[in-house]
There are 2 protein chains.
Amino acid sequence: MSLRERKAAKKKEDILRSASLVISRKGYHNATMEDIAAELLMTKGSLYYYFKNKEELLYRCHDLILSEAMKKMEEILSQEISSAKKMEMAIKFHLEVAIREKEIFNLIVKPEQIFSKEHLGEIVEKRAEYAEVFDRIIDEGVSKGEFSIEQKKMARMIILGATNWVQVWHSPEGEYSNEKIEEIYAAYLLKMLV
Amino acid sequence: MSLRERKAAKKKEDILRSASLVISRKGYHNATMEDIAAELLMTKGSLYYYFKNKEELLYRCHDLILSEAMKKMEEILSQEISSAKKMEMAIKFHLEVAIREKEIFNLIVKPEQIFSKEHLGEIVEKRAEYAEVFDRIIDEGVSKGEFSIEQKKMARMIILGATNWVQVWHSPEGEYSNEKIEEIYAAYLLKMLV
DNA sequence: AGTTATTTTGAATGCTTATTCAAAGTTAGT
DNA sequence: ACTAACTTTGAATAAGCATTCAAAATAACT
């Protein structure tokens with residue numbers, strides 16, 4: 001890859017990070033292309049040199065963050081540890097991402113309100129894959145006898161709902177540290193499973 | 001109250017219901033004043049006869065629905081039943097509202113992205129009051145020895161998060177009935193508390 | 001240092017919507 | 001039936017933003 005190509009790739013990623021940041025702060029609809037560009041001391045026109053339009057940009061943000069998270073989840077899944085331990089790690093990691101990426105990761109909650117058909121399918125699919133990580137841990141735990149859960153789908157919904165919601169109330173100045181929150185959530189949600 | 005006043009009051013409420021509906025379907029930013037009016041076979045101009053502007057309209061929607069829900073919660077609180085039973089009822093009722101009012105009740109998740117200062121305070125306060133219902137049940141249950149929970153605030157966050165999240169995935173065509181969902185959620189979340 | 005391919009710019013365009021308002025239509029109460 | 005007060009209308013206004021694009025600036029390579 002030439003120097004130019006590498007520079008362009010870096011710029012693309014810079015833009016994605018900036019977009020994530022601005023969208024986290026203001027929400028998708030209030031984050032203007034100008035805001036995103038300003039964060040990088042660029043002008044909005046330039047963004048269109050790298051991305052077709054705003055939707056494309058958001059789609060790439062979403063994809064980047066979800067892919068990174070997915071990689072980590074795969075790693076947790078493949079470890080040689082108890083299902084309870086896996087679930088604990090998955091919950092903690094998921095909370096970490098949810099807190100860090102607020103808007104992007106969660107609040108694109110009604111993707112059909114934002115994305116056009118081409119992207120929608122991929123997004124829904126990718127999210128389903130991610131959610132499946134939790135299903136797999138639950139299944140494994142149940143068959144090993146570690147968990148006792150009849151309604152596995154609902155259990156997963158409760159876990160993801162509870163953890164996704166964190167970013168609604170979380171504030172960096174809150175009285176609990178992120179680690180503390182992760183500890184408590186993991187403990188209480190595991191209590192529900194066993 | 002004169003006939004005219006009563007008619008105007010009814011129209012106001014009709015508009016609020018229509019707005020709730022449209023906003024539920026499309027989300028706040030995609031619900032136009034025209035959509036809201038069209039639902040009632042009116043034109044958007046008329047809406048301004050009843051409400052100052054879109055924000056005011058949304059604020060009133062929010063307020064109406066939350067007030068109704070709050071009334072019911074007070075009633076649950078005052079009954080002579082076990083704390084576990086109260087929590088069960090509160091969870092079930094909350095789910096009912098969350099499913100019915102989707103957007104309005106929950107997805108105004110970042111009120112500061114939508115509301116101006118005047119309304120923001122009242123909204124935050126009213127939501128805090130509502131959340132407190134759950135705190136009170138938890139406190140009561142702990143002191144009666146029915147629940148064993150150290151981190152009461154976190155337990156409440158988990159419960160509200162899990163239940164609020166329902167509207168993200170819920171579909172009327174889903175394989176579970178609302179009642180079934182309510183049953184399972186209440187059972188699993190109570191398991192966490194006791 | 002010069003040439004050519006990239007990047008960036010910012011002004012112009014156009015679309016979507018909220019909001020206003022004067023005029024037209026409707027209604028409750030006499 | 002009349003009329004004064006109330007409602008509705010729809011066309012006009014205005015603001016905010018995404019998107020385009022021709023021209024200017026910059027950088028890589030020889």
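Reminder, nothing fancy here: chain letters follow the sequence lines and each chain counts from 1. Values below: every heavy atom of this structure, side chains too, minus hydrogens, waters and symmetry copies.
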- request: Output yes when at least one side-chain N/O atom of K52(B) is less than 4.0 Å from OP1 or OP2 of dT19(C), else no.
  value: no
- prompt: Just how far, in rounded Å, is P of dT13(D) from CG of N53(B)?
  reply: 22 Å
query: What nucleotide, of dA18(D), dT9(D), dT8(C), holds the atom closest to the side chain of Y50(A)?
result: dT8(C)
- prompt: With the threshold set at 4.0 Å, does a side-chain nitrogen-carboxylate oxygen contact exist between D135(B) and K153(B)?
  reply: yes
- request: Please figure out whether E5(B) or K44(A) has its closest DNA chain D nucleotide nearer the 5' end.
  value: E5(B)
message: Measure OH/Y28(B) against C1'/dT17(C) and give the value in whole Å, please.
response: 12 Å
- prompt: Which of parallel (below 30°), tilted (30 to 60°) and perpendicular (above 60°) describes F134(A) and H94(A)?
  reply: perpendicular
field: Residues K26(B), E34(B); criterion salt bridge (charged side-chain N to carboxylate O under 4.0 Å, His left out); working and verdict
entry: CA-CA 13 Å; K26(B) 311 183 141 200; E34(B) 200 143 16; over 6 Å; no
message: From NZ of K54(B) over to P of dA15(D), roughly how many Å is that when rounded to an integer?
response: 18 Å
message: Mind checking if A37(B) touches a base, just sugar-phosphate, or nothing, with heavy atoms under 4.0 Å?
response: nothing
message: If the cut-off is 4.0 Å, is T43(A) near the phosphate of dG10(C), judged by side-chain N/O to OP1 or OP2?
response: no
- prompt: Relative to each other, are the rings of H29(A) and H29(B) parallel, tilted or perpendicular (30° and 60° limits)?
  reply: parallel
Interatomic distance, E34(A) CD vs dA15(D) P [rounded to whole Å]: 17 Å
message: Does dT19(D) have OP1 or OP2 under 4.0 Å away from a side-chain N or O of Y48(A)?
response: yes
- request: Give a yes/no on whether any side-chain N or O of T32(A) is located under 4.0 angstrom from OP1 or OP2 of dC17(D).
  value: no
Whole angstrom value for the distance that separates C1' of dT6(C) from NZ of K10(A): 17 Å
query: Which part of the nucleic acid, if any, lies within reach of K11(B) when heavy atoms closer than 4.0 Å are counted: base, sugar-phosphate only, or nothing?
result: sugar-phosphate
- prompt: Could K92(A) and E183(A) be called an ion pair, given the rule that one side-chain N must be under 4.0 Å from one carboxylate O?
  reply: yes
statement: Of K7(B) and N30(B), the one whose nearest nucleotide on DNA chain C sits closer to the 5' end is N30(B)
- prompt: Has Y49(B) got a side-chain N or O lying under 4.0 Å from the OP1 or OP2 atom of dT8(D)?
  reply: no
message: Rounded to whole Å, how long is the line connecting atom CE of M33(A) with atom P of dT20(D)?
response: 10 Å
query: When the distance from NE2 of H29(B) to P of dA18(C) is rounded to whole Å, what number comes out?
result: 11 Å
task: Would you mind reading off the distance between K26(B) atom NZ and dT17(C) atom P, rounded to a whole angstrom?
output: 8 Å
